[in-house]
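What you see is a predicted model, and the numbers here were worked out from it, not measured in a lab. Numbers here simply count residues along the sequence, with the first being 1.
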Amino acid sequence: MSDNVVHLHKNTDPAPVTTLTVVPEPAPAKPIPLWIRSGRAMRTAVTHDVTKTTARAMARHTLFVAGGAKIAAKRTWDGRTASRYERMFRAAEAAGNHELAAEWEERGQHFRESRHRRRMDLLTSPIDAAKGVAVGAGVGIGSLVALGVVMAIATKDVTQVVTPLMATVKFINLLITVVQVVWGPESLVIGCLLALLALWAVGSKQQAAPAWAMPDNVRNGEGEPITPSIVVKALRDLGVAPLKTAIKDMGDAGASMLGPIRIAGCGVEVDVTLPSGVSTIEVQNRRRKLAENLTRHEHEVFITIPQAARTVRLWVADSGALDEPIGPSPLVTDDTLTADYAKGRAPWGQDLRGDAAALSVYQRHLLITGLSNQGKTAALRSLALWVALDRSVEFWMGDLKGVGDWAMFDGLASRLIQGPTDDHVIEVTEMVEDAVEEMNRRIQAPPGTQFPALIVIVDEAQVAFMCPLKTTRVTEDGKVKEGAPYGGSKATSRYFMAVRKIHNQGRAVNVLMWQGTQDPTDQNLPKLVREGAHTRASLALGTESQARMALGDKAVDGGAAPNLLRPGLDKGTLVVASDGIEIPKGQSSITVRTHYISTEDATEIAERAKLLRDGVTTLTVIERGEERDALADIAGVLGDTPRLRTNEVLKRLHSLAPDTYGDQWTNDRLKALLEAHGEEPKKSHGVMVIHRDHVLRALANRDADGSASASS
């Protein structure tokens, strides 16, 4: 039944009334007077960025003329007076260089003497000039009259006597007329304009305008050109009191401290000779403040110590230039490129001057370190790829990261171990020890024997140094004892000692050790190992102490500062200390921006290197996860033979697994193994033999013991 109710009566309630509200229209806005609108428009136009920029440009170029006139006047004054010599004398005296001060004083005295002689000559020069003019005029007129006499005699016409003289007079009059026509008001205007243009060029080159009139990028300190005045001001405001005092005492305001500012790649370079009482370390320790005074970031200023005493060499990058890529490697762009291990140099990158940085790897051990993910593997791999283009070079490689960074060397390297586990560390350690044996074999060869290069590369070597495993051995009574550790930095460490032996003697027989490691400490990069490398390179590091570990005290004291590189931003930028790369004279290191070679490009280069070789069978890592069953192996080598001499069993075991059954396996050990399972070797005709039945019973006894233990 429906719940709806139908009403049958009429609804008498009045209908609801809707009330309409009339909203009055707003009053019209009061008109703005014309003079206010004009003022606002004028203010907008005056304060617009385009107007400001245009006004600054007009003021700047106008002031360039005034500044150029000031500079030209100063240069003229310096050329006419001895003020230049006075400034140099006072600057040398303030710098404590008395020998140079005496030299400038002597030069100033010579200038004054020469100027005095010239001034004394001016007293007699007018009379001498008048006499010279009179004599010259008389001789000239006499010559013209004589020429006229000759012409008169020849033509028998007496009027020809004055003809040459009159012709000369007319020629002089013509010259005067030409000068009057050419040298008119227009010429004067053009001459003035040319003079103003010359003054503008001088002022523009020297940036002779106030800071407020300069462009935004210069006023804001972005890309400001490096001039002598800016360098001196930056040094003056460095916070070194003796330096500030010495600059104030110099008559040339410190300009004599500076050598020529030279364009060097994507920046400029200048040598600064510090005054007496100021050490180079005081400037080095204030690198950030100096960079900011030069309107640069800290990473855009490099301070090195050249060979000259009391001198610092500043390299200042163009603003933002170091953030630009340097381009691809020649290994990628040139398919015909080959390598020569002995005489060639690997195209590694560019130095800060923009010149190609090439590294010689001939008989040089190598160490590259830095923080994680800064390009260490790429830098090390690019060198290996170049050397691989020399078919005579052999590679043994261990990649203890194991993510495929070196996979392209499969079929190119004789040994390639890839993986981060302790088993891989064991394999790498034994590989390096095998390299030591190869080195010893070469050393024992007759003198003068030439050997091809064998380069042993271990990437992420800190994994090997930090490996906690120790060598295990089984004694004759069957007990397992621990021996020498694989990692560590002591003389008992197998990896450490193998690397040290190669560093000591490998270079002479072309057995080289290349290592890449990260975040160096005394534990993961021992002192003796890092100092054994001939070429030491470092990417960005965290502290100065790590920089000293990576490059050595000499390089860091000479200005090398990988700890000041920007992690993540300066990827691939290396500070290199090596005699295998060209380093500016007087410096102990060089900064190199390396070419990046991607994994795909590296694979293509490796394929080109493989085509140069006859074919290489690469030995990869051996799985060591399972131990061998000695009883089962003994039963296997016996086969169906009822009995076999123990010496023959040992030989067959060694052939089966030489790494497991080496020299430590003896007759006594075989006997102890069988006795431990209820059996023992017997003699037959005076010779110790092993019976097949005895070995099978020993296996059965062991299995029975194992089953009983499991059930219990």
Take atom CD1 in Ile263; do more than 12 heavy atoms of anything else shown fall under 6.0 Å from it?
no
Pairs where residues 525-542 contributes a residue and the test salt bridge (Lys or Arg N to Asp or Glu O under 4.0 Å) is met, not counting sequence neighbours
Asp522-Arg530, Lys527-Glu531
Please check: side-chain N/O of Asn563 versus main-chain N/O of Ala547, any donor-acceptor pairing under 3.5 Å?
no
Between Lys376 and Asp459, is the closest basic N to carboxylate O distance under 4.0 Å?
yes
Under the salt bridge (Lys or Arg N to Asp or Glu O under 4.0 Å) definition, can you give me all pairs with a residue in residues 440-454, not counting sequence neighbours?
Glu438-Arg441, Glu438-Arg442
The criterion is side chain to side chain donor-acceptor pair (under 3.5 Å); which residues satisfy it with Asp519, sequence neighbours excluded?
Gln546
Over all heavy atoms of both residues, which pair between Ser578 and Thr535 is shortest? Give the atoms and the distance, please.
OG-OG1, 2.7 Å
Cation-pi geometry met for Arg287 and Phe302 (6.0 Å, 45°):
yes
Pairs involving residues 357-384, ordered by first then second residue, that meet ring-ring contact (aromatic ring centres under 6.0 Å, His included) (sequence neighbours left out):
Tyr341-Tyr362, His365-His503, His365-His534
State whether the number of non-hydrogen atoms from other residues, nucleotides or ligands found under 6.0 Å of Arg288 atom CZ is greater than 12.
no
CA sep, side-chain torsions, deciding dist, call: Asp557, Arg548, salt bridge (charged side-chain N to carboxylate O under 4.0 Å, His left out):
CA-CA 9 Å; Asp557 292 338; Arg548 293 184 180 275; 3.0 Å; yes
Heavy-atom nearest pair, Val393 first then Ile455, reads CG1-CD1, 3.8 Å
Pairing of Glu607 and Lys610 as salt bridge, 4.0 angstrom limit
yes
Is there a donor-acceptor pair under 3.5 Å between the side chain of His297 and the backbone N or O of Ala291?
no
Trp348 side chain vs Ser382 backbone, donor-acceptor pair below 3.5 Å:
no
Within residues 501-512 or reaching into it, pairs that qualify as salt bridge (Lys or Arg N to Asp or Glu O under 4.0 Å) - sequence neighbours excluded
none
I need the Leu371 CG to Leu541 CG distance, nearest 0.5 Å.
5.5 Å
Tell me whether Glu604 is salt-bridged to Arg608, with the criterion being a basic N under 4.0 Å from an acidic carboxylate O.
no
Taking only residues two or more places apart in sequence, or in another chain, which ones meet Asp399 in a side chain to side chain donor-acceptor pair (under 3.5 Å)?
none
